[in-house]
Structures are given as C-alpha cells and as structure tokens.
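Notes follow once the structure below has been shown.
Proteins get letters first, then strands, A, B, ... in listed order; numbering begins at 1 in each. It should be emphasised that the depicted structure is a prediction, and the values quoted were computed from it without experimental measurement.
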Amino acid sequence: MLSSYKSFHYIEDIHKYVGEEVTLRGWVYNLTGKGKLQFIMLRDGTGVIQCVVFKANVSEEAFENAKSLTQESSLSLTGKVVSNEKAPGGFEIDVTNLQIIQLAQEYPITPKDHGDSFLIEHRHLWLRSSRQHAIMRVRAAVMKAIRDFFDGNGFKLMDSPILTPNACEGTSTLFETEYFDLGKAYLSQSGQLYAEATALALGKVYTFGPAFRAERSKTRKHLTEFWMVEPEMAFFDLNDDMDLAEDLVEYIVQYCLKTCQKELQTLERDTTKLEKVRRPFHRMSYSDAVDWLVENKIPLNKKIDGKDVEILPFPWGEDFGSPQEEAIMEQFDKPMIIHRYPTEIKAFYMKRDPINPKVVLAMDMLGPERAGELIGGSQREDNFDLLLERIKHEDLPEDEFKWYLDLRRYGSVPHSGFGLGVERTVKWITGATHIREVIPFPRMIYRITP
RNA sequence: UCCUGAGUAGCUCAGUUGGUUAGAGCAUCUGACUGUUAAUCAGAGGGUCCGGGGUUCAAGUCCCUGCUCAGGAGCCA
C-alpha cells in the first residue's frame, strides 16, 4: 500500500467524500461560464468531475482566477463534494478556493472535430482526451491480463534480446544498425528462437517486449514498432498450443469486461460482442478453408507481370490475404483458428505434419469484427536433420543458427508457441478504427514524432 | 514498391461553368448573464488558397511538376 502522504484527493475516490471538503489537483478539461457562475470540468487522470465556482462563495481573487482559466490549465482547488443530478457523473464540487498552477496557452485540441493527421501530430496532447485516455486504460488492462494469465499458470517471464545478428524468420525486412566490429545487427522482429532455448531450460516461458518490422506497410493494422507476447512451451503439441491461445484470448477479453466497463462505455463499444468470446473458438484446417473459399467463389488476387488478376477457384497452396481472411471471418462472431498451412508458405522452423508433410503444424488466430490476425504460432521442428534441411532450403546463414540447431542436438523435445500482437488485440477490444490509437506513441512508416 | 485520394483562417470544412473585395462554424479577444453539459446573445481581429511553372483579358478553380499527408495492396502480429 502507498503511505497516505497525499495532501489532495483523486476524482475516482470522490464518492467516498460526499458532504466533506476535498482538495483536487488536475487540469481543465472543459469550461463554461454564466456570469457569476463558472463551471470547470476538472480531470486528474483518474476521472473527470464538474466543479462549480459561484462568485459569492469564493474570494474576489479566486473568482477572477476561475474566470481567467483556459482549457488544460493546471490548478488546485478546494470545495465540498455534493450530489447533483445535473452534474455529469452525479457528483460535483462546490468550490471554496482555487489556485492556478499554470495558465495554459491556447490549447490546440478543442472539443470540436479534428482530422487524423492533426491529432497524430499532437499525440502528446491527444492522449489527454477522454477517448484516448480510455483506450490507454484498456491497453494497461490487456497488458496486466497477459502477465497475470501467464504468471498464474506456471510460466516464467523471459526477456529476449532486441539486438540480434540475423533475421529470425528470414523473410521480413528488418531495421539495421552497425554493431561495433561485429558487422550488422538487426532489431528483433520476434523473441521466439530465444524463447525456445529458455523453454528447454524452464519448461514454460513467455517473452514480452517490442518487435520491429521495417516493412513498408501503410495500413490501419500495421506499426513498425509493436508489442508482442510470445509463450513457448516444452512438450506442447499443436493442439495444446491452440488450447492455450484460446485460453489466453478468452482471459484477456473477460478481464477487460470485468475491469474496464467505464472505459468501454466511453468508447461506445458494443460489449455484447465481447461477451461472446468464450471457448471453444472455431477451428478450421487450411485445406477446409480453401474448400470453403472455392465453394463460396472467393478468388485469389494476385499480381502477374504487374497486372492484378483474379484466380478462381482459389488454388490450394497459396497464402490467404486480407480479402480471404475477412470473407471467412464474416461467418463467425468470436475468434477462430486456421491451422495446418502449406509448408512452402510458412517459416522454416515449423514442424511438418507427420500425417501430411505438405502442411506444417502452424496456426493463426483471426479476430471477429475485422480484427485481423491476432496470433500466429506453431509446433516447432524438433528433428535436427529436417530443421537443417529447411534452413538450407531457405538459404539462411547456417552459422547464425548453430546454437538454434543445438537445441535439437541436446535433448530435443516436441515444443510449441505463438505470438500475440498486443496492439491488434487492444484495437479489437476497444473498437478503435486505427492501430495508431492503441499505442501511446505509434511508430509508422512516415512518422517517428512525437 | 505499386494503386487511389487529399492539401483553402489556429481547427473542421464550403467555395457553382474560370469572373468584383475568398466564406461559415468552432477556437481567440471585448461585453452581458446564478445551472452550464460542444451554453447562449452582441461585437472584433484572423488568409503565402501546399511550393514552383504554365494556359488565359482573368486561376482557389484548368494543365504540368515537386512536396506533404491519408487509405489500400503485398508483407505480417
């Protein structure tokens, strides 16, 4: 517990002090005046409350101070907590004294509409608005739910390096930097390989940190820097992996429903849709998904010689893009998993299905309401020879993977894991229209400030 | 990398077929008001129409070009 050193109160606790005098510190969220009466909507990070300054109840100086306030000025005020049904939230403060800490200059973000570009340029101030404030609180809840879930289920937190000598999957474009005399280093796009090593030391681990991708993606689903949690479990097969993924997502959503009702209400999120997020989720193999696309005449969109062409029926072996995933997801009102993708379109470390080596034991979890891919995971190749063969086949630098191959040399076991994108998840739960709204300071292809 | 769209006041936008001095709401400033919720009322200030070039008697408007931004594809969480 925090010691009670505070000389002021927080708005979230105000209901405990009805009839009493309190001191609040915060910022002017909005203002309106009516002659001898000034209304101040005060925010302090924990909530917003209406404070009423009546000329006859305060000193001349305090009233002049109240009149001179501007949006986002910081202040300290004292007054009595009263119940008033005219006040938003049901309570208000009858102000008896008021001191300005700093009189804010003309604040750029007004209560009226603004464009996306303007708001993102003022991200450092935009975070103060009620919608962004609510999203950040849901984000904090999602982070906590993730940690609670793993910590409470026997997982150990394991931190993987950010600077790495090679591309983890060998596909994605990475940010590059010079690393002393050792040549180039890259910002990690995934902690998975390191999580595998620690899973063989600790059993069940999760790594939780930022990931970096230098792809020139410019959509409302992509960031160049995002947060990902990656559990990795020794002795888990693909089914165990999918079960865990479903448990985790169910836990996160239910935790947010339990602890973020106010925030979800501010965001006008239809929570009945989130309440449906209960296990079991839907599952479908890649092959069954292709059959469904063929039956429903969903084509493959491909670029051949610079021309866009539609290929029908959808050919087995091609990867799904957003159009295919969205079409499949439209029938479902909770997340679903597609598993057992063609070997050729998936990463080298994924284990081949012993029943059908044309597919790997991989899985993607897609979210409803156009949330897109929330999770990507797989059972890992645990056979030394097969893994080496895949590394060679993909032309990956064998030397860099020597330590990784060692894991298959010394007590190799079946193991699995997955990665969950935090921002994708928060975007889905909050119903935010753009991923840049769900991380405090988004990093995107054409923007690195603020 | 490719495709599409946008750029006019601090902010959000309107601006007709090219035609007089480029408009509105909000914000700001001045004044009125004891119950406002994006208050209301009266008044005031505020413009490199993204930059450059061109067509024309005349360009915010048409053409070329550059810049900036947005969305989508591919890639993925």
- Mind checking whether A:H114 and A:F118 have parallel, tilted or perpendicular rings, split at 30° and 60°?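 Parallel, since the angle between the ring planes stays under 30°.
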
So does [X] reach the base of [N] with its side chain, donor to acceptor, closer than 3.5 Å?
{"X": "A:Q38", "N": "B:U36", "value": "no"}
{"X": "A:R216", "N": "B:C2", "value": "no"}
{"X": "A:H222", "N": "B:C76", "value": "yes"}
{"X": "A:S217", "N": "B:C76", "value": "no"}
{"X": "A:E92", "N": "B:G35", "value": "yes"}

- Is A:N239 close to A:R283 at the side-chain level, that is, under 4.5 Å between some pair of heavy atoms?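 Heavy-atom side-chain distance check passes, below 4.5 Å.
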
- Message: Tell me if the aromatic rings of A:F320 and A:F314 count as close, with their centers under 6.0 Å from one another.
- Response: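 Yes, they do, as the ring centres are separated by less than 6.0 Å.
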
- Task: For this output row, return yes or no: ring centroids of A:F208 and A:F155 closer than 6.0 angstrom.
- Result: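 Centroid distance A:F208-A:F155: not below 6.0 Å, so no.
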
- Message: Using the six-membered base ring of B:G35, report whether A:F39 stacks on it, requiring centroids under 5.5 Å and planes under 30° apart.
- Response: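 Aromatic stack with B:G35 absent for A:F39.
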
- Task: Only counting residues at least two apart or in another chain, list the ones meeting side-chain hydrogen bond (donor to acceptor under 3.5 Å, both in side chains) with A:R147.
- Result: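 side-chain hydrogen bond (donor to acceptor under 3.5 Å, both in side chains) list for A:R147, sorted by chain: empty.
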
- Give none if B:U4 has no partner; otherwise give the nucleotide forming a Watson-Crick or G-U wobble pair with it, both distances under 3.5 Å.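 Pairing partner, where one exists within any strand: B:A70.
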
- A:K346 NZ to B:C75 C1', straight-line distance once rounded to whole Å: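 Going from NZ in A:K346 over to C1' in B:C75 covers 11 Å.
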
Show the atom names and distances, to 0.1 Å, of all donor-acceptor pairs under 3.5 Å that link a side chain in residues 84-93 of chain A to residues at least two apart or in another chain.
residue, atom, partner, partner atom, Å
A:N84, OD1, A:K86, N, 2.8
A:N84, ND2, A:E92, OE2, 3.1
A:E92, OE1, A:Q50, NE2, 3.0

Using a cut-off of under 3.5 Å, enumerate the N/O to N/O pairs linking the protein to nucleotides 23-28 of chain B.
residue, atom, partner, partner atom, Å
B:A27, O2', A:E106, OE2, 3.3

- Task: Check every strand shown and say whether A:E423 touches a base, only sugar-phosphate, or nothing at a heavy-atom separation below 4.0 Å.
- Result: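 Contact class for A:E423: none.
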
